Amino acid sequence: MHSRNLIAGGALMMLAACATTSAPHPLTGSEWQLAAIDTSGSTTTLTPALQARHTLTFGDEGALTLQLDCNRGRASWTAGRPRDGAGAIDIGPIASTRALCPEPSFGNQMATALSEAQTYVLTMDRRELVIETGTLRFTFAAAE
């Protein structure tokens, strides 16, 4: 009986050693401030005050929290592991509050366009994140 328990215990230890846990996605737990928006060859660069009012936070289990100027938003996200810093990204429909924010505001642009996100680029030093939709490029800086 003792030898059977020993064998069963050894088999369980071997199975446990084979189990793998995947590392969290590099975006998980990161927070970003919108630094610039590129549209058809034109770039709008945000001031530091505007950057702080336009943010993304990638949470666990695919939860995305957004600060859309004076509004708040939530969505889901999934992304492929980056290869050479780039990967595919999908951001679900963004549910947000609808207060009228004073101009200039880029919250509505973020809420509308980010749900069309296709690809992302994360720099090696993880200081910059670029998300591209079919028509816009959002450049985010890592939040301090």
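Being a predicted model, the structure only gives us computed values, none of them experimental.
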Quiz item: Is L136 reachable from Y120 through a run of hydrophobic residues whose side-chain heavy atoms are each under 4.5 Å from the next?
Solution: yes

Quiz item: Applying the 4.5 Å side-chain criterion to the ILVMFWY set and letting contacts propagate, would F138 and V121 be lumped into a single cluster?
Solution: no

Quick check: does any side chain N or O of [X] sit under 3.5 Å from a backbone N or O of [Y], one acting as donor and the other as acceptor?
X: W32; Y: A143; answer: no
X: Q51; Y: L46; answer: yes
X: Q67; Y: N71; answer: yes
X: T133; Y: E116; answer: no
X: T112; Y: Q109; answer: no
X: S76; Y: G62; answer: no

Practice problem: Might you work through the side-chain contact (heavy atoms from CB on, under 4.5 Å) test for T43 and T139, ending with a clear yes or no? | Solution: CA-CA 10 Å; T43 301; T139 302; over 6 Å; no

[X] side chain near [Y] side chain, heavy-atom distance below 4.5 Å:
X: P48; Y: Q33; value: no
X: P104; Y: L50; value: yes
X: D60; Y: T28; value: yes
X: L66; Y: R74; value: no

For atom [atom1] of [X], decide whether the heavy atoms of other residues, nucleotides or ligands shown that lie under 6.0 angstrom number more than 12.
X: D125; atom1: CG; result: yes
X: N108; atom1: CG; result: no
X: R81; atom1: CZ; result: yes

Quiz item: Could you walk me through whether F140 and L122 pass the side-chain contact (heavy atoms from CB on, under 4.5 Å) check?
Solution: CA-CA 10 Å; F140 294 89; L122 180 62; over 6 Å; no

Exercise. Kindly indicate, with the supporting measurements, whether the criterion side-chain contact (heavy atoms from CB on, under 4.5 Å) is fulfilled by I131 and R137.
Key: CA-CA 6 Å; I131 297 177; R137 175 183 295 152; over 6 Å; no

Practice problem: Mind checking the CG-CD1 spacing from L56 to I94? Nearest 0.5 Å is all I need. | Solution: 8.0 Å

Self-check item: L114/L64 under side-chain contact (heavy atoms from CB on, under 4.5 Å): CA gap, chis, key distance, verdict
Solution: CA-CA 11 Å; L114 282 175; L64 180 66; 5.8 Å; no

